Amino acid sequence: IFTLRVQKIMDKSLIDYLKQIPDYRDPHGCRHPLWLVLVIIIMGMMSGYWGYRQLGRFVERHRRELIKRLQIPKSRVPSYSTIRRVMLTLNYEELQIVFNQWSKQYSLIPSSEWISIDGKSLKNTVSNYDNAEQNFINCVSAFSHQRKLVLGVKMSENQRESEINVVRDLIELLDLTGVVFTFDALHCQKKTLIAIALSGNDYLVKVKTNQPKLYKQIETASNQQKPRQTVKHIEQTRDRNSYRQVEVFEPPENLDPKWIGVGCVIKVERTGTRSHQPYQSISYYLCSLSSQSQRLADGIRGHWLIENSLHWVKDVIYEEDISPQKAGFAPRNLSLLKTWVLTFLRVHGFDSIKGAIGEMSHNIGYMLTFCT
C-alpha cells in the first residue's frame, strides 16, 4: 500500500505541479504561460543564477534550445522584464501551497524520523537593523534531519503573525504521525507541545530562561538526580576542539502537568576552544521520548542541520540575504523557489548543492529530465 501510494503521488512531474499555480495575469498580451516562466527560472537557479538580469542572460544564452525543448511558440522566450514582473506579482501563497503539495510526496516517511522546525528572516526585507520593531518576512521550514529535505514551508510577516503561531499551523499542515519535532527555545510553549502530542508525534525542545520556572526545575533535577544515561563526544577540527556530555534524567516530580507528555529532561554541557578561545555552555531540553532512548544525543545535534544544510546554503550559495530584490512579492517568491530548487536537487541525490550546480549548469536537456 505504501509503495502504491508513493507511486501514485510521484506520477506527477515538477512541471505538472507548476501548472497548478493560478495565473492571474491579464491574458491580453501575455505571451508565456506561468508554468513556463517558472520552470525556466528554476533551471536558471539550478545553473547558479539568482538575479533578474542573470536569469535573463541565462535565457538568452539558451534561447534556441529552450524554444526547441519546451516547444515555445513564435520563437519568443521570456525576457528579463517578464521574469521580473512574474516574481513581483505572483501570489506567493499560491506558490507556497503548490510547493507544500509537491513536497508532501516526500513526507511519506518512516516513523521516528527527526524533523527540525525553525524560522529564517529574509534579511533583504530588513531596512533598518537598529529598529527592533520593524516588519520583515520570516520563512518557517520543516526540515528532515536524515534526508536534508524541506517537507513544508510557511511565509509570514513578523508584525502580522507570530512565528509561534506559524509553527503550530505548519505542524497541522504537515499532517505527520510518529515523528520527532525539534525546536529552539522560542517554541518551548505549552500549547505547541500539546498540539504535537495530540497529533501523535514527539518533541524535543530547548529550554531557556524565557520559561524561568521550568528552567529552574530542570536545572535542579539535573543537579540532584543520577542520570539515566550519559553520552560523551569529543570532536577536533582545524580551529575547534570540543567536548560534549549529554545527560538524560527523569522529569522533575513537581513539573507542571500542563507540560504534556514529558518523558525526560536533558542536560548538555559543552566545553572546548573555538579559534583558540576557551568556551563553556550548559543547555537544557524537554523531550517526550523515554529517558532510556539512545537517540536523544543525535536528535539534539541534528536539530542544527537546518542551520547548516538549509539556512546557510540559502544565505551563502543562493545569496539570499544580500539579494537586491525587495519590491512586491519578489523576496518571498524567490526564497520559495530557492527552497524548491534545493529540495529538488537533494531528492535527486545531490548532497552538495555547489556540486549539483557544477554538474548540471547550462545542460538544458539534463535539467529538463528532472523537471519532466
Side-chain angles (χ1 to χ4, degrees), residues 18 21-25 34 37-59 78-100 102-103 117-143 150 152-163 165-167 169-170 173 306-307 310-345 353:
L18 294 177
I21 301 172
D23 189 350
Y24 297 112
R25 295 176 298 168
L34 181 62
V37 179
L38 292 175
V39 79
I40 288 175
I41 292 172
I42 285 172
M43 286 194 293
M45 289 182 170
M46 290 164 72
S47 297
Y49 295 108
W50 321 116
Y52 300 140
R53 294 195 181 279
Q54 288 181 325
L55 290 166
R57 288 193 290 270
F58 170 83
V59 173
S79 64
Y80 143 78
S81 57
T82 297
I83 291 170
R84 180 178 179 276
R85 280 195 302 272
V86 166
M87 288 294 94
L88 286 171
T89 60
L90 173 63
N91 186 335
Y92 75 93
E93 291 183 341
E94 300 286 359
L95 182 62
Q96 179 177 273
I97 288 170
V98 174
F99 169 79
N100 287 330
W102 173 84
S103 65
I117 297 187
D118 193 26
K120 176 188 182 297
S121 61
L122 304 187
K123 289 189 173 62
N124 62 326
T125 65
V126 177
S127 57
N128 181 2
Y129 287 95
D130 294 328
N131 180 5
E133 303 301 323
Q134 71 173 298
N135 197 28
F136 58 84
I137 307 302
N138 192 37
C139 178
V140 177
S141 303
F143 187 79
V150 177
V153 66
K154 194 172 190 302
M155 293 277 184
S156 66
E157 294 182 36
N158 72 304
Q159 287 188 352
R160 293 189 176 184
E161 194 172 12
S162 163
E163 184 180 315
N165 294 327
V166 173
V167 162
D169 291 342
L170 186 55
L173 176 69
I306 194 170
E307 294 290 344
L310 177 62
H311 297 167
W312 184 90
V313 172
K314 292 183 73 177
D315 282 346
V316 177
I317 298 178
Y318 288 177
E319 301 177 355
E320 182 163 273
D321 277 355
I322 60 172
S323 172
Q325 291 82 30
K326 300 180 180 182
F329 291 144
R332 306 181 201 223
N333 287 325
L334 289 167
S335 181
L336 283 166
L337 287 174
K338 289 170 183 177
T339 298
W340 205 327
V341 169
L342 181 148
T343 306
F344 188 62
L345 294 175
I353 301 303

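Treat the numbers as computed from the prediction; the structure is a model and nothing was measured. Values reported hereafter were calculated over all heavy atoms of this structure, with side chains retained and with hydrogens, waters and symmetry mates removed.
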**Q.** Met87 side, atom CE; Leu38 side, atom CG - distance, nearest 0.5 Å
**A.** 5.5 Å

Q: Answer yes or no: is there a donor N or O on one side and an acceptor on the other, between the side chain of Asn100 and the main chain of Leu173, under 3.5 Å?
A: no

(Q) Would Tyr318 and Leu334 count as a side chain to side chain contact (heavy atoms under 4.5 Å, CB included) here? Give the steps. (A) CA-CA 10 Å; Tyr318 288 177; Leu334 289 167; over 6 Å; no

Q: Just jot down the side-chain hydrogen bond (donor to acceptor under 3.5 Å, both in side chains) partners of Glu157, sequence neighbours excluded, or say none.
A: Asn135, Arg332

**Q.** Inter-residue atom distance Phe99.CZ - Thr339.OG1, 0.5 Å rounding
**A.** 6.0 Å

**Q.** Those residues that, when tested against Asp23, pass salt bridge (charged side-chain N to carboxylate O under 4.0 Å, His left out) (two or more places apart)
**A.** Arg25

Q: Evaluate side chain to side chain contact (heavy atoms under 4.5 Å, CB included) for Leu18 paired with Leu34, printing each intermediate quantity in order.
A: CA-CA 8 Å; Leu18 294 177; Leu34 181 62; over 6 Å; no

Q: Please assess Ile40 against Leu55 for the test side chain to side chain contact (heavy atoms under 4.5 Å, CB included), listing each intermediate value before the final yes or no.
A: CA-CA 8 Å; Ile40 288 175; Leu55 290 166; over 6 Å; no

Q | Heavy-atom pair of closest approach, residues Leu170 and Gly152 | A | CD1-C, 4.0 Å

Q.
For the CZ atom of Phe136 and the CG atom of Leu122, what is their distance to the nearest 0.5 Å?
A. 9.0 Å

(Q) For Ala327 versus Leu88, what's the shortest heavy-atom pair and its separation? (A) O-CD2, 3.3 Å

Q: In sequence, state the C-alpha distance, the side-chain angles, and the governing distance for Trp340 and Met45, and then conclude on side chain to side chain contact (heavy atoms under 4.5 Å, CB included).
A: CA-CA 10 Å; Trp340 205 327; Met45 289 182 170; over 6 Å; no

Q | Val59 to Pro78 - nearest heavy-atom pair and separation | A | CG1-O, 3.3 Å

Q | Counterpart residues, salt bridge (charged side-chain N to carboxylate O under 4.0 Å, His left out), relative to Lys120 (two or more places apart) | A | Asp315, Glu320, Asp321

Q. Is the backbone N or O of Leu90 less than 3.5 Å from a side-chain atom of Asn333, with the two atoms forming a donor-acceptor pair by type?
A. yes

Q: Taking Gln96 for its side chain and Met155 for its backbone only, find out whether a donor-acceptor pair lies under 3.5 Å.
A: yes

Q.
Rounded at 0.5 Å granularity, tell me how far OG in Ser141 sits from CG in Leu310.
A. 5.0 Å

Q.
Suppose we screen for side chain to side chain contact (heavy atoms under 4.5 Å, CB included). Which residues come up paired with Ser47, at least two apart in sequence or across chains?
A. Tyr49, Phe58, Ser361, Met367

Q: Using side chain to side chain contact (heavy atoms under 4.5 Å, CB included) as the criterion, list what pairs up with Tyr80, not counting sequence neighbours.
A: Tyr52, Arg53, Arg84

**Q.** Heavy-atom closest contact (Pro331 atom, Gly328 atom, distance)
**A.** CD-O, 3.7 Å

Q: With sequence neighbours left out, write down each residue that passes side chain to side chain contact (heavy atoms under 4.5 Å, CB included) with Ser79, or none if nothing qualifies.
A: Ser81, Thr82

Q: Can you sort out the partners of Lys154 under side-chain hydrogen bond (donor to acceptor under 3.5 Å, both in side chains), two or more places apart, ordered by chain and number?
A: none

Q | Any donor-acceptor N/O pair, Trp50 side chain to Ile317 backbone, under 3.5 Å | A | yes

Q) How many angstroms lie between CG in Leu337 and CG in Leu95, if you round to the nearest 0.5 Å? A) 5.0 Å

Q: Calculate, to the nearest 0.5 Å, the distance between atoms CD1 and OH belonging to Ile21 and Tyr92 respectively.
A: 14.5 Å

Q: Sequence neighbours left out, what passes side-chain hydrogen bond (donor to acceptor under 3.5 Å, both in side chains) with Glu163? Give chain and number order.
A: Asn138, His187

Q: May I ask you to test the Ile322-Lys123 pair for a side-chain heavy-atom distance under 4.5 Å?
A: no

(Q) Checking Glu93 now: which residues fulfil side chain to side chain contact (heavy atoms under 4.5 Å, CB included) with it, not counting sequence neighbours? (A) Asn91

Q.
Using the side-chain hydrogen bond (donor to acceptor under 3.5 Å, both in side chains) criterion, which residues pair with Ser323? Sequence neighbours excluded.
A. Gln325

